[in-house]
Structure formats: C-alpha cells, structure tokens
Number of protein chains: 2
Amino acid sequence: MTSRQMVLGMQFSGGYGAEPGAWRLPGANLNSYTDMDQFVRYAHSAERGKVQLLFIADTPVLDMDLTHHAPRQAIDPMLLLTVLARETERIGLVTTASTTFNEPYNLARQFKALDVISHGRAGWNAVTTSTPAAAANFGSSVPPRAEKYERAHEVIQIVQALWGSWEKDALLLDVEGKRYADMDKIQPVNLQGRHVASRGPLPIPPSEQGQPVIFQAGGGGYGLELAGRYASGVYANPYTIEDARAQREALRDAAKRAGRNPDEVKMLAGFMPTIASSREAALERRRFLDEVVDLHQRVRYLGTMIGLPLDPDQLDQPLMAQQLADAMPSPHDPRSVRALEVAREGWTLRDVLAHGVIDYHPVVAGTAADVADHMQEWFEAGACDGFSIALDGFHDGYDAFVDQVAPILQERGLFHEDYEGTTLRENLGAHEQYGLDLRLSQQARA
Amino acid sequence: MTSRQMVLGMQFSGGYGAEPGAWRLPGANLNSYTDMDQFVRYAHSAERGKVQLLFIADTPVLDMDLTHHAPRQAIDPMLLLTVLARETERIGLVTTASTTFNEPYNLARQFKALDVISHGRAGWNAVTTSTPAAAANFGSSVPPRAEKYERAHEVIQIVQALWGSWEKDALLLDVEGKRYADMDKIQPVNLQGRHVASRGPLPIPPSEQGQPVIFQAGGGGYGLELAGRYASGVYANPYTIEDARAQREALRDAAKRAGRNPDEVKMLAGFMPTIASSREAALERRRFLDEVVDLHQRVRYLGTMIGLPLDPDQLDQPLMAQQLADAMPSPHDPRSVRALEVAREGWTLRDVLAHGVIDYHPVVAGTAADVADHMQEWFEAGACDGFSIALDGFHDGYDAFVDQVAPILQERGLFHEDYEGTTLRENLGAHEQYGLDLRLSQQARA
C-alpha cells in the first residue's frame, strides 16, 4: 500500500470531552479532570486504534467560567504526558507550550526529557500566546504581534540547538576505560537573540527519534512562516473544504519558501464528531450536552450568522417561511452557509444548534459511517493530511471512534493498519532532524 | 511510642549514586541516567523501607566534566517525580526548583499538578541559584544576594497564594443541578511584587494534603529567614555534631522569630554511608569508586587540610612520624579534624581518602551497625531531626540500607515502623497549610 494515508491525532482537553457539558454524560467519571487513570484508559483506547498521536492544547491561564462547564485544559500538560509516556508504547505525545512566556532552556529540557522517557514520542506545539489574562499570570502584557513572532523564532531555534548540544554518540559508558562521556561531543550553544538567550549544553542525550517533533498552530503570515520553517505538523481550523485547501496550499508554499519539501509538513484539520447508532441518537446526545450551554445567546448569534433578528422564544420551533425567505449567510463567519443549510431542513432552532453549526470545528453528528464519509471526502479533496479529532465526550467516544470509525477508514485504505515504527517521527512520516535544521542555516548564509 | 523519631530522605542524583564513580560498580545498570524503570526500582526499595521521602537536588545547568563522572542530576526532576508518583504509593517526592530563574505561575502549576497526581506527596525545595553558568542558560547573570532573596520571598508567597486560589470545596460536580464548580471559590490572587507578579487563579483543585510542602536549603542569614518563615524541612550540610546543633538551633530560632512553633521545621543532615559486610570491604568499595577521582589533586588538598605539603607520590604510604608531629587541622575546613584523626590511625593516604574525609557530607564506611550507630549518635545529640542520605551507589545501596540499616534503627525505636498516613504532610509531621500562611500575614500586619 503506497497510496497516501491520513494522520490522526486525538485532542485531550480537560479530561471529559470537547463539549463543555461532557462531564454530565451518563457513565462519565466525574473526577476525570484530576484522575490520571482515566486519561491512561483513553490513551490505551487510542493506541489500540493505531491513532498516531495525542494532543493537549494549552494556554497558561484559567480564563473560563466553570459554573456549568468543565475545564478546557489539563492540570499540567507536561506532567500528564509523562504519565502517558510510561503507560503507552507507540502513540505520539504532543502538547502546546508558549514561546511567549517560557524560557527556551526550560522548554528544551522538559520536552527532551519527555522524549527520552517516552522513547522518542514527544512533540512540541510551539505557539505564541495572545491572551491578556495569560500574560497577567506572568506579571506581563501581550507583546505586539511582530515582536511575539520574532521571539518565537529565537525560542524555537535555541530549543533545537540545545536539543542537539549533546551529540548522538557522546555517551561512552566505558567501564574498563573509565570514560563515561566524550566531552568534545557535549558543547555549549551560546545563542544570543534579541529576546532570549541560552548557553547550554542541555544535560540530556538523544532519544530514539533524536529530538521532539515540532508542531505549530495559528494562522496569518507570521504563523505560516513559522510553520513553513520548523513544523512537521500543523493544527488548522478550517470550516469548509475550500478554506482547508487554501490553507494547506499556503502552508505548503511556506515550506517551499523555507527550502523544504512540502510533504514534510502535515496539516491536521480540527474535527468534532459525535458518533451514535443513528443521526437521531446523535442529535439527542448533543441536545443533552447543550443543556449547560447558553442557548438563548446562541440563538441570537445564529441570527447574526443567517441575517435574521432571532428571538430565543423560537428555540423549539423551526424557521418560518418568511424567515427562510429573508435569510442570508453572513460573509463574516465561514460556518454560516452550513448553518442556513441545516435550518432549511426544517429543524427547530434547538436542533439546528445541536447539529454543531456554531462549534469551533466542523461537526458531524451521526453514525460511524457518516463520520468516516466526512473524513474521506475532506482527505480525498486534498483539504488536509489528517485530522485533529475533538471527541464530544471521551468516556464512550474514544472506544466508539476506535471500534467503529477507524475500522471503516482502514477498510477503505485511508488509515494505516498498524504503527509504522516506535517513534513519533516514524509514525508521522516526519523528516530526520537533530539539533538545528542545517538547511535553514544554509539558507540564512545564502 | 511517643518519643521523637527521625525523618529519612533519600537523595536521587543522576541515577547511579552519590559517588561520581558509582556508574562503574559491578552490577550497576549503565543506562541508569535515562532509564526510568531503574529509578522506579529504587523508589520501591525506599518505600519498602518506609523512608519518608525521595529528594532530587537540581541546578538548571550541566557544568560538570562527564569524562569520568556520571551526571549529578536528573534529566528533569519534575518529570522524574511524575513517573515515581504513578508507581509508588506513600513515599514523599521532593525536588529543588530555583526561585531565581522560574516564574511563580509555572512553579505553582507544576508542583500542584504533581501534588494532585501523587495524591498529596509533593514537596518543593525552594532555593536561589548562584551558579553563573546556570544564569547563562537563561541569558542572565546571577543577581546580588539581597535581590535574589527578595525575589525568593515574592516567588514563594505568590506560589502559595496561587495554590490556595482554588478553594478546597470549589468543585461541585453536581450533575442534576448542572453545576461543575463554584466560581466564587476560584479567585485571582493579583499579587504584584518588585520582581515577579501573577494574577491567577491556578487551574488546579487541592490535593489530599492541600498543597505541596516547602523545603529549603542553603544557609546564611537570608537562607535562615526564608526557612524560618516558610519551610517544613531544611537540607543542611553540617560536618560535625557541634556544627549541626548550632545550625539546628539557629533554624529553630528563625522559626520562632517568624511566629512559628520550631518543631514545625525539621532539619535533615546530609549523610553519605557506604554499607558493606565489614569496614575493610567498605574501604575496598570506596577505593574502587575513587578510581575515577583525581587522587593526586585530593592528596594535595588533604595536605592543606592538615597543614602539610603532601606529595602525590606518597599516595600508597601512610604519614611518616615527622609528618604526624607537624600536622595541624586547618580551621578553614570543618572536615580537617576528622581527616587528621583517620591519618593518625596509620592508613595510607589512598585509604585516608577512601574514608571519605573530603566528601561533601560526613561519610561512614562500614557495617550497617556502624551506619546506624552514627545516625543514632547525631540524632540523640539533637544534631538533626533526620537525615538526607546520599548512598554511594544505588544499585545495591538502596536494598542494603533498607534491609540492613533501617531495621536496626526501627529496633532501637529511632525510626517509624510504618508510614503515619498517605500524604507527605502526614508522614513528615508538617503543619496544615492551604494558600499563604495566615500567621505570616498577621505578623506582617502587627
């Protein structure tokens, strides 16, 4: 089988599921936020399904209202991934860490330690931070965008140089000759940027994959340039196939501009499936999840999406004939076309919302085949290289995906039957790299 | 049994042992530096021995020559302790983290996450950093001492406030009432110091012990004040009983000055035992360990300790009569008196050094009973509240201590027969604390 196959990553969030009401699902473990055993069970499920990686999105702040919603994030992503590193064998372990509010030495040390502990399965989603409340946790404010990205380049380069500061054959372990290591092969990096600097070396030998794999998220020209230069995987949030293809082309162009083969950069599109025995059962599940959501506010927002002044009192009724005639999708929200499509099918507004038309990623609420069909369509249209999957609720969602959706994708030849190797670099098809990418320095010299 | 009993902590270092040649010991796992399974085996041994805590000393720098010596530190202490948290049940997990080169928000988050993951067994050894090469890893230099300690107070207070920012009963988990948490009980701390600041809250509920226990190391007036105010445990490096008693009294006075009960602060004295079947076997082991040490340099230093110009050629001879007559212990090194005592017993200089007279902590090289006798003498003399034990080589040292020394101490009523509870706070006999210590704020107001 030489044809192209998709890369799948599972998002972990706070432990319950991607939907804020997931903690209330019947059968869910109410302590999932702090119960590491529960995360381990989900990781085992994903690994049974040959999913390439687990991903923890993170921002160093608690800025959401937890009155009705469970936290969106993990108590600490590095420590959680360390737990999973010990209790899984093949699945990749990727987390976000801010280039804006961390020191490169600390980032380099923890990610490489995770890489060694996991035997070569760590990945770093290197992102800038834009949340003022996160900045305030560090007694700081958010720097201007250009400055944030200048620092991001410096941080990533210093981190990679530190990763390479302990050469691959530095360890000798020669008992007879009384030589532990070859100090000629453990050298400072002495990098000084405008924003950050580090001397090195790092006290850590290479892992089975050399060093962690770099991921990136966040668009715009600055983000694309960062991804094009350093990333092997990119988290993207397109809402339509057209948008996704445009984003993927822009990303591949950015990689080419950095002197790289564009196939080295995999774009993973965010995707939120609700998997059930039927479409009606899927909608019912999502109506339950929506019980903690402010639906009155959402009805009003739905109105702005489709160009109508909607009244929350209409929640349990469909759009009326006159409303359907007047409705027009907003050009300012890429989700609007689909929202109107669903409304035209005659659903009540509650059910229109239950279809996930205002969710952060595209939603498919249906059977395993519906979910697989959507993924196939996107993948074959060249919209992405794979998906970053945010399951609505984890306690039954992981097994549902692994036992029902993954086998369909495998049967269709779209997803691998087993892991290609033991490291994230092998399973992602990422290029070999140790230390800084020499092609980048050659380009800089040219 | 109500009489006072000792607290024992085991130092972990780079994985081989406290002596730089430990990696070469027959039977040692050569990959101990990166092999987490090996650390887990030692932790299991220590836990079988009812040792109260494991301790990882750390400085964020690799500034030693690894040509002959294994690293002194762990690849990453937080990640290593996370591994151990999952694979042990009762033993405390303590590591150093710098107040000089870390942000309070990051420290607060990782230590509290470790506390939650370990079910209340985490401890933070809060120290300032004085190594220029460590500062250079952060593109910085070492601040003046007064400034470093001013920042340390701010960091510890902000960390403790962040730990308390999620009140103990904030989590509701009320499925029927659709209430996840009580946001009135999850509040920002908004602390602004001269050096650091943080808004909060932290995204982490309390652990079984509320929050991590604070340790301190490092002497002088500034260090004592820090320990007196915040610490439940202090790592000290006295070389004689007299010195240790003086340090302990100064520490207890500092606690009293801060308005605390001095019994709340336990002083752990550093101690390096070599446990063997006989004194001769212990010396032989230490001679082997010394094979990677520069003994010529040590002979010269031994000379300055005992006031003689010693020639390395004398390594395998004892001091001559005239030398013994001329020798005088240096007042500048507290180890000198013992060094001369050992030399007077007629050992060759190689064997004088093998007694550990120039080691960082007091050394006893002998049988388990010799080791227990030393600990009893110090403990009963009021020299310490327990010991921070740096075993010369781990691969057989952990079991030797647990199977041979601990039972003697237990038999003599000096060491507990079992853990008092499940948390570090319980097993250390530390006071209850959640958030900032209110007595300190009352004192500040007075």
Original post:
Heavy atoms, side chains only, cut-off 4.5 Å: are L81(A) and L84(A) in contact?
Top reply: yes
**OP:** Can you measure from CH2 (W23(B)) to CG (L66(B)) and round to the nearest 0.5 angstrom?
**Re:** 10.5 Å
Original post:
At a heavy-atom separation under 4.5 Å, does H119(B) approach chain A through its side chain, its backbone, both, or neither?
Top reply: neither
Subject >> Derivation of the salt bridge (charged side-chain N to carboxylate O under 4.0 Å, His left out) call for D58(B) and R72(B) >> reply: CA-CA 9 Å; D58(B) 193 65; R72(B) 222 180 273 121; over 6 Å; no
Subject >> Contact class of D65(B) relative to chain A, heavy atoms under 4.5 angstrom >> reply: both
Original post:
Which bit of P205(A) is near chain B, if near means a heavy-atom gap under 4.5 Å: side chain, backbone, both or neither?
Top reply: side chain
Subject >> Top contributor to chain A interface from Q73(B), K112(B), E87(B) [non-hydrogen pairs under 4.5 Å] >> reply: E87(B)
**OP:** Answer with side chain, backbone, both or neither: which region of V189(B) has an atom nearer than 4.5 Å to a non-hydrogen atom of chain A?
**Re:** neither
Original post:
chain A heavy atoms under 4.5 Å from R24(B): which part of the residue, side chain, backbone, both or neither?
Top reply: both
**OP:** Find the distance between CZ (F39(A)) and OG (S32(A)) and round it off to the nearest 0.5 Å.
**Re:** 7.0 Å
Original post:
For E291(B), is it the side chain, the backbone, both, or neither that has a heavy atom closer than 4.5 Å to a heavy atom of chain A?
Top reply: both
Subject >> Pick from G193(A), S140(A), P77(A) with the largest number of heavy-atom pairs that fall under 4.5 Å of chain B >> reply: P77(A)
**OP:** Name the option with the most non-hydrogen atom pairs under 4.5 Å to chain B; the candidates are L162(A), V40(A), D37(A).
**Re:** D37(A)
Original post:
chain B: which of N106(A), I158(A), I75(A) shares the most heavy-atom pairs with it under 4.5 Å?
Top reply: I75(A)
**OP:** Kindly indicate whether the side chain of R109(A), heavy atoms from C-beta on, has any atom under 4.5 Å from the side chain of P203(A).
**Re:** yes
Subject >> Y16(B) versus chain A, the contacting section by heavy-atom distance below 4.5 Å >> reply: side chain
**OP:** Name the member of D184(B), I186(B), D174(B) that forms the most heavy-atom pairs with chain A at distances under 4.5 Å.
**Re:** D174(B)
Original post:
Going through the checks in order, is the side-chain hydrogen bond (donor to acceptor under 3.5 Å, both in side chains) test met by S98(B) and T129(B)?
Top reply: CA-CA 6 Å; S98(B) 169; T129(B) 300; 2.7 Å; yes
**OP:** Go through the steps to decide whether N31(A) and Q38(A) satisfy the test side-chain hydrogen bond (donor to acceptor under 3.5 Å, both in side chains), and finish with yes or no.
**Re:** CA-CA 9 Å; N31(A) 295 307; Q38(A) 188 61 63; over 6 Å; no
Original post:
In terms of heavy-atom pairs under 4.5 Å with chain A, which of E176(B), Q192(B), M78(B), H69(B) leads?
Top reply: H69(B)
Original post:
Relative to chain A, which of P60(B), G14(B), G200(B), P188(B) shows the most heavy atom pairs under 4.5 Å?
Top reply: P60(B)
Original post:
Are more than 12 heavy atoms from other residues, nucleotides or ligands located less than 6.0 Å from atom CD of Q187(A)?
Top reply: yes
Subject >> Part of N137(A) lying under 4.5 Å from any heavy atom of chain B >> reply: both
**OP:** Provide the closest heavy-atom pair for L107(B) versus A97(B) in the form atom of the first, atom of the second, distance.
**Re:** CD2-CB, 3.6 Å
**OP:** Any chance you could lay out the side-chain hydrogen bond (donor to acceptor under 3.5 Å, both in side chains) test for D115(A) and Q209(A), step after step, and finish with the verdict?
**Re:** CA-CA 8 Å; D115(A) 208 32; Q209(A) 69 172 353; 2.7 Å; yes
Original post:
Which atoms of A74(B) come close to chain A, meaning under 4.5 Å heavy atom to heavy atom: side chain ones, backbone ones, both, or neither?
Top reply: backbone
Original post:
Out of curiosity, W166(B) CH2 to L202(B) CG, how far, rounded to the nearest 0.5 Å?
Top reply: 9.0 Å
Original post:
Hey, mind stepping through Y180(B) and T67(A) against side-chain contact (heavy atoms from CB on, under 4.5 Å) and telling me if it holds?
Top reply: CA-CA 5 Å; Y180(B) 184 78; T67(A) 306; over 6 Å; no
Original post:
What residue, out of A28(A), G139(A), A136(A), P104(A), has the most heavy-atom pairs lying under 4.5 Å from chain B?
Top reply: A136(A)
Original post:
Which one, G21(B), P201(B), S207(B), A70(B), leads in non-hydrogen pairs under 4.5 Å with chain A?
Top reply: A70(B)
Original post:
Top residue by heavy-atom pair count (under 4.5 Å) with chain B, among V83(A), N190(A), V292(A), V116(A)?
Top reply: V83(A)
Subject >> Residue, of H68(B), R179(B), R86(B), that accumulates the most heavy atom pairs under 4.5 Å with chain A >> reply: R86(B)
